[in-house]
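Down below is the structure, laid out as structure tokens.
Scope of the values below: all heavy atoms of this structure, side chains included, with no hydrogens, waters or symmetry mates.
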Amino acid sequence: MTAQMLGNLALATANREQQHAQVIAAIEEILPPLAAAYAGPEEILDLPEHLIDALDDLGAFRLQVPERVGGLCATAETLTEAAIMISRANPIAGWLVIVMNSATWVASLSPERVQKIIFAHGVPRMCASTNGSGTLTKRNDGSYVVNGTWHYASGSHYSSWTSFPCVGEGGVIYNVAVPMADVRIEPTWKVAGMRGTGSDTLVAEDILVGPDQFCSMTELWGGAQSPERQASAELCDRWQLWPLMRAKLLGVLVGTAQGLLDRAVAAKDKAIMYTSHARRADSSMFQASVGRSASKIEAARMLIMDSIRDIDNAAAAGRTMSYAECARLRGLNAVVIDLLMPTVDDLMNQLGSSALADANVAQRYWRDFGSGIRHAIFHGDSHYEITGRQILGVEPNLVPLEMT
């Protein structure tokens, strides 16, 4: 590496550190109103528009997006740290920031003709769904029409654009982007937790799309791994999809667990019923529980942030992580899940039955965590199996490299 290249790398690192500090400082200012909204009536499911606007204004929905289209191209470390902080105050907001960044980032990997349509007026708020089916049909006049249904479109209530897969002529699978005004939202997200994420069903009925609104999945992911993209000066052009997706979304759940721990600490001066303890904080059992929970949550956070730095470092070096590296990160992600799940239940046990009251925000943290941790991306047993097969040399493994 030449002296000039070393100098450029040092400058880029310094700029990233400065940006990280600025983003984190901006997020700290919005945490109190986010927490207040989360503690409010749960009947108001959606995040208030003024808080969505405030997150948008500070760039929270553009953190993962390239600068060339108006994004911040923050490091994955900054993005994940932001997710942990926001989720500690408001897990709904943290989930939205992560999944909407993911949708817009994937759009930025599209061919230039598609990017020009989506980012014509800056970075839109965007949702996406891959769970469902649709068709892209070319009509006799040369135009295209989309029909289909896609589920779990987190962020649908807050977005102006969306994307989803469709099957076209010859069985080719395309990624299609359309304005949200063109689709119908069916309110199907009626669940125990993460209720304010707007993860409803999208329905397309004879939507006309132009040829610049879609590309094949081969174009999308092939372009992301192209030499031109890997040589890009922007870090976010070189991240590997699935390691990043899992780790940053786990950041939301680390923050959610920290939020529940905060509730337990806040209840330290309450009595323990049917004992002589006038304060929970005087009980060695409660003391040990809080210490154990805090330590496990911190261990989970450290594992996630170490994984994220590995992802950033590989992207900064312009290299693709090996199967062994990706399998190792999958295994560590599964450890994070194993650390957090019993910890969250233990905290609820320490808080007692009063924590289950509708008016107690602790039960909302508990339910939101329980819903989030059961996302298909967090199937811990398959993560361990992939890691084990890699270690044992069992071929083929469960998924190809691009999905690890």
Requested in this report: Show your reasoning for whether side-chain hydrogen bond (donor to acceptor under 3.5 Å, both in side chains) applies to Lys270 and Ser354.
Outcome: CA-CA 11 Å; Lys270 293 185 177 181; Ser354 63; 5.1 Å; no
Report task. Please assess Arg125 against Asp53 for the test salt bridge (charged side-chain N to carboxylate O under 4.0 Å, His left out), listing each intermediate value before the final yes or no. Result -> CA-CA 10 Å; Arg125 298 176 195 164; Asp53 288 341; 2.6 Å; yes
Report task. For side chain to side chain contact (heavy atoms under 4.5 Å, CB included), just list the numbers for Arg62 and Thr104, CA-CA rounded to whole Å, side-chain angles, deciding distance to a tenth of an Å, and then say yes or no. Result -> CA-CA 8 Å; Arg62 296 181 287 120; Thr104 318; over 6 Å; no
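A salt bridge links Arg328 with Asp310: the distance from a Lys NZ or Arg NE/NH1/NH2 to an Asp or Glu carboxylate oxygen falls below 4.0 Å. A salt bridge is defined here as a Lys NZ or Arg NE, NH1 or NH2 lying under 4.0 Å from an Asp or Glu carboxylate O, and Arg309 with Asp306 meets this definition.
Gln287 places a side-chain N or O within 3.5 Å of a backbone atom of Ala281 that can act as its donor or acceptor partner. Looking only at distances, a side-chain donor or acceptor of Gln213 sits under 3.5 Å from a matching main-chain atom of Gly210. At least one donor-acceptor pair under 3.5 Å links the side chain of Ser110 to the backbone N or O of Ala107. A donor-acceptor contact shorter than 3.5 Å links the side chain of Lys248 to the backbone of Ile98. Between the Arg319 side chain and the Asn313 main chain, no donor and acceptor come within less than 3.5 Å of each other. Panel note: side chain Glu67, backbone Glu234; no donor-acceptor pair is recorded below 3.5 Å. In this structure, Thr135 contributes its side chain and Thr137 its backbone to no donor-acceptor pair below 3.5 Å. A donor-acceptor contact shorter than 3.5 Å links the side chain of Asp200 to the backbone of Trp189. A donor-acceptor pair under 3.5 Å links the side-chain atoms of Asn101 to the main chain of Val97, judged by distance alone. Remark: the backbone N or O of Pro165 is paired with a side-chain donor or acceptor of Trp150 at under 3.5 angstrom.
The two residues Ile30 and Leu55 make their nearest non-hydrogen contact at CD1-N, 3.8 Å. Closest approach of Cys326 to Met321, counting heavy atoms only: SG-CB, 4.0 Å. When all heavy atoms are compared, the tightest approach of Leu202 to Cys127 is CD1-SG, 4.4 Å. Nearest heavy-atom pair, Pro32 versus Glu28, reported as atom, atom and distance to 0.1 Å: CD-O, 3.6 Å. Of all non-hydrogen atoms in Val176 and Val146, the two that sit nearest each other are CG1-CG2, 4.0 Å. Here the closest non-hydrogen pair linking Gly132 and His151 is CA-CD2, 4.4 Å.
With rounding to the nearest 0.5 angstrom, the OG atom of Ser307 is 12.0 Å from the CD atom of Glu77. Between atom OG1 of residue Thr75 and atom CG of residue Leu235 there is a gap of 7.0 Å, rounded to the nearest 0.5 Å. Distance CD/Glu298 to CE/Met302: 6.0 Å, rounded to 0.5 Å. Between the CD atom of Gln350 and the OG atom of Ser283 there is a distance of 7.5 Å, given to the nearest 0.5 Å. Atom OH of Tyr323 sits about 7.0 Å away from atom CZ of Arg330, to the nearest 0.5 Å. In this structure, the separation between CD1 on Ile117 and CG on Asp212 is 5.0 Å, given to the nearest 0.5 Å.
Contact of the Ile207 side chain with the Tyr144 side chain is not registered, since no non-hydrogen atoms from C-beta on lie closer than 4.5 Å. Side-chain contact between Leu249 and Trp95 is present, with heavy atoms from C-beta onward closer than 4.5 Å. In this structure, Gln64 and Leu244 have side chains that are in contact, with non-hydrogen atoms separated by less than 4.5 Å. In this structure, Ile311 and Gln240 have side chains that are not in contact, with every pair of non-hydrogen atoms separated by 4.5 Å or more. With contacts defined as side-chain heavy-atom distances shorter than 4.5 Å, the pair Ile386/Arg389 does not qualify. When side chains are defined from C-beta on, Ile92 does not count as touching Leu34, because their heavy atoms never get closer than 4.5 Å. Looking at Leu260 and Phe369, their side chains never come closer than 4.5 Å, going by heavy atoms from C-beta outward. Residues Tyr152 and Thr130 fail the side-chain proximity criterion, which asks for heavy atoms closer than 4.5 Å.
For Phe119, the CZ atom sits in a packed shell: over 12 heavy atoms of surrounding residues, nucleotides or ligands are nearer than 6.0 Å. Sparse packing is recorded around CD of Glu169, with 12 or fewer heavy atoms of other residues, nucleotides or ligands lying under 6.0 Å away. Around CH2 of Trp105, the count of heavy atoms belonging to other residues, nucleotides or ligands within 6.0 Å exceeds 12. In this structure, Arg279 places its CZ atom where more than 12 heavy-atom neighbours from other residues, nucleotides or ligands lie under 6.0 Å away. In this structure, Glu112 places its CD atom where only 12 or fewer heavy-atom neighbours from other residues, nucleotides or ligands lie under 6.0 Å away. Residue-environment remark: CD1 (Ile24) exceeds the threshold of 12 foreign heavy atoms within 6.0 Å. Other residues, nucleotides and ligands place more than 12 heavy atoms under 6.0 Å from the CG atom of Asp141. For Asp358, the CG atom sits in a loose shell: 12 or fewer heavy atoms of surrounding residues, nucleotides or ligands are nearer than 6.0 Å.
Using cut-offs of 30° and 60° for the angle between ring planes, the Tyr365 and Tyr38 rings count as perpendicular.
Partners of Ala355 according to the side-chain contact (heavy atoms from CB on, under 4.5 Å) rule, which considers only residues two or more places apart in sequence or in another chain, are Met348, Leu351, Asn360, Ala362.
Results of the side-chain contact (heavy atoms from CB on, under 4.5 Å) test with Arg246 over Leu329, Leu332, Asn333 single out Asn333 as the only residue that passes.
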